[in-house]
Amino acid sequence: MKNVLSAAGTKAAEQNAIKSGVSETLLRMSASLAVADIVEKLVKDMPEKSIAVFCGSGGNGCDGLLAACRLHSVGHSVTAYTVGDYDKAPDDIRAFVKNAGLNVQPALSYGGGAAIIVDAIFGIGLNKPVTGEYLQVIEMLNAEHAFKLALDVPSGLNPDTGEVMGECFNADETVTFSCYKPGMLFGKGRDMCGKIVVSDIGIKTASNMHVYEDGDFPPYERSASAHKGTAGKVYIIGGSGSMVGAPIMAGAAAHTAYLNGAGTVTVCVPSVHRAAMSARATMAVLKFMPDTADGFIKFDKDALDDIINNASAICMGVGMGANPELNRIVKYVCENYDRAVVVDADAINAIKGDYDFIKSAKAKVILTPHVGEFKRLTGKDATVDNAMSLAADLNCVVVLKSATTIITDGNEVRLNIAGTPAMAKGGMGDMLSGCIAALSCAYSTIDAATVACYRNGMGAERAVSSYAQMMLTASDVLKFSDYNE
């Protein structure tokens, strides 16, 4: 896992490293070498080899100048273009550049045509809108047809919020130092940063917010004597008269996680779906719930108790619609069941403004709202702080789904950035909720949510290589969600 730190936190970590004896010069050289290595790998396969490095007069610009010197010293065609007052750059940096024989020109003299453009103008220090020469240069670079690499954060992006400060360098790739910055992952950050590479330059960071990656999850192995009854029984309560597909999708998602926990999956749907589900279900066990004339699942204590007494994990809400008894069903299950309950979709809408019961619930609740559902549920914006506050207040796990998904228990924040814009399509959330339920048979609730989000995101990334982005569906992702590399 990699830490996520604000601009102020990153600067403090850098100062602590310097106070502990790590020289600022060494940090700059480490950063510049990391950049130079990336540029060398990029330019290797390009027919046009010229490199243009645009440097401000601050620390980010110094890193860019040193990287340009390194590239020049090994024979690359590189020119450094300065933005702002080059005389404000530190004397030792300017002396180093001069001794290296690097070609340095004013930024506005750039005539275009470079194969690679490196943005080292602002970094994490920007706190006001881009204006004047800086604005002119960034607009000029965005219009160029070249591979664009940003240092630390793209110039013009607020490193804490992801807000574009008037204009922002639109990078194909960003190499950021020591840790992620929040603005890279929220707001417009995901659009402006492109691929993100975190480079360790020797600064120790500490944070309660992390990006989880493959290899960060606790291993799980079944015992030699395990059988389907001991491996976990997942019950998925969903569906209504007009929506039969959602619980099937959630059940299919649970199947993808069998090896990580679930031994059996039971899909519990209104009796009105008896014919449709009997024809469509292939692996899941079916349980038909008492329903109304409109096809909504009724509150039925005996039917719910049967689920509670047998389930290892429960998922509820998918495709249940505006069920007038759903609030009562959710409360009953959460208050009388002592294992993991994934509250998703329509179940979230059913408890909006009335979710205090979760504080004292027996169940280990996992709430999985997307940003719109979170707003309806709490009346608050979908932010890290608000997600943490909700999780802490209710003593539950919140999975706030978006391009960067926030997973929190109120103390720790885990961010999932695996995935693709192709996932912006119906059925993806249903699939995820079933997968979380299945994995909670094997992991803690926060680990189950983390693993599920990552697996599904990586499954979608793999699937997109075989399907056109606009064609990708949730069922396509299922074929690739066994990611375990």
Side-chain angles (χ1 to χ4, degrees), residues 14 17 22-84 86-124 137 140-141 144-155 169-178 193-203:
E14 183 177 318
V22 179
S23 72
E24 186 173 3
T25 300
L26 179 60
L27 294 177
R28 292 210 183 285
M29 292 303 297
S30 296
S32 65
L33 286 173
V35 174
D37 285 346
I38 289 174
V39 173
E40 284 199 278
K41 291 174 183 176
L42 289 170
V43 80
K44 180 180 179 182
D45 298 323
M46 292 182 176
E48 169 58 47
K49 305 292 186 181
S50 61
I51 304 162
V53 184
F54 288 79
C55 307
S57 57
N60 197 245
C62 291
D63 295 339
L65 287 166
L66 292 176
C69 288
R70 164 67 182 174
L71 292 164
H72 172 70
S73 71
V74 294
H76 291 287
S77 174
V78 57
T79 301
Y81 293 90
T82 59
V83 191
Y86 180 53
D87 290 337
K88 290 184 179 179
D91 292 342
D92 60 336
I93 297 294
R94 286 187 286 116
F96 187 89
V97 169
K98 183 177 180 180
N99 291 335
L102 179 67
N103 183 16
V104 180
Q105 301 292 334
L108 293 178
S109 70
Y110 173 67
I116 297 176
I117 291 173
V118 179
D119 161 33
I121 300 173
F122 287 127
I124 63 173
V137 169
M140 173 183 69
L141 298 182
E144 279 289 289
H145 297 289
F147 188 93
K148 299 181 177 75
L149 176 71
L151 272 60
D152 223 0
V153 299
S155 292
F169 183 77
N170 195 345
D172 296 297
E173 184 171 331
T174 299
V175 53
T176 193
F177 305 123
S178 304
C193 290
K195 177 185 175 182
I196 301 172
V197 177
V198 180
S199 177
D200 182 3
I201 61 171
I203 297 174

Visitor: To the nearest 0.5 Å, what is the distance between SG on C69 and NZ on K98?
Guide: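 Result: 13.5 Å between the selected atoms.
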Visitor: If we only count heavy atoms from C-beta on, is the K148 to D119 side-chain gap below 4.5 Å?
Guide: no
Visitor: Is there a side-chain contact between E14 and F177 in this structure, where contact means two heavy atoms from C-beta onward sitting under 4.5 Å apart?
Guide: no
Visitor: Between V97 and V104, is any pair of side-chain heavy atoms under 4.5 Å apart?
Guide: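 V97 reaches V104 side chain to side chain.
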Visitor: If I compare all heavy atoms of V78 with all of N103, which pair ends up nearest, and what's the gap?
Guide: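 Nearest pair, atom of V78 first, then N103: O-CB, 4.5 Å.
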Visitor: Where is the tightest heavy-atom contact between G123 and D152, given as atom of each residue plus distance?
Guide: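 So the minimum-distance heavy-atom pair works out to CA-CB, 4.5 Å.
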Visitor: Return yes if some donor-acceptor pair links the side-chain N/O of N99 with the main-chain N/O of G101 below 3.5 Å, else return no.
Guide: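 Such a contact is absent between N99 side chain and G101 backbone.
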Visitor: Among V175, V118, V43, which residue meets the side-chain contact (heavy atoms from CB on, under 4.5 Å) test with I38?
Guide: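 Of all the options given, the one that passes is V175.
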Visitor: Salt bridge or not between D63 and R28? Use side-chain N to carboxylate O under 4.0 Å.
Guide: yes
Visitor: Closer than 3.5 angstrom, by distance alone: can the side chain of N60 be matched with the main-chain N or O of C55 as a donor-acceptor pair?
Guide: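 Not a single qualifying donor-acceptor pair exists.
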Visitor: Report the residue from V53, V35, T174, I51 that forms a side-chain contact (heavy atoms from CB on, under 4.5 Å) with L149.
Guide: V35
Visitor: Scan for side chain to side chain donor-acceptor pair (under 3.5 Å) pairs involving residues 31-41, sequence neighbours excluded, and state none if there are none.
Guide: E40-H76
Visitor: Less than 4.5 Å apart, side chain to side chain, heavy atoms only: is that true for T82 and Q105?
Guide: no
Visitor: Is the shortest side-chain heavy-atom distance between I201 and S178 below 4.5 Å?
Guide: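 Side chain of I201 against side chain of S178, heavy atoms only: contact under 4.5 Å found.
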Visitor: Report the distance from atom NZ of K49 to atom CG of L71, rounding to the nearest 0.5 Å.
Guide: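 Between K49 NZ and L71 CG, I get 13.0 Å after rounding to 0.5 Å.
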Visitor: Closest approach of I203 and D200, non-hydrogen atoms and distance?
Guide: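 For I203 versus D200, the nearest heavy atoms are N-OD1, 4.1 Å.
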Visitor: Sub-3.5 Å donor-acceptor pair from the side chain of K88 to the main-chain atoms of G84, do we have one?
Guide: no
Visitor: Just verifying a value: how many Å separate D172 CG and K195 NZ, rounded to the nearest 0.5 Å?
Guide: 11.5 Å
Visitor: Please report whether the ring centroid of F54 lies less than 6.0 Å from that of F169.
Guide: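 So the answer is no for these two rings.
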Visitor: Short question: side chain of E144, backbone of G113 - any donor-acceptor pair under 3.5 Å?
Guide: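 Indeed, once roles are kept as given, a pair shorter than 3.5 Å links the two residues.
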Visitor: Quick check: closest heavy atoms across A89 and R94, and the distance to 0.1 Å?
Guide: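 Closest approach of A89 to R94, heavy atoms only: O-NE, 3.0 Å.
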Visitor: Give the minimum heavy-atom separation between L151 and A120, together with the two atoms involved.
Guide: CD2-CB, 3.8 Å
Visitor: Looking only at non-hydrogen atoms, find the nearest pair between R70 and A36 and report the distance.
Guide: CG-CB, 3.4 Å
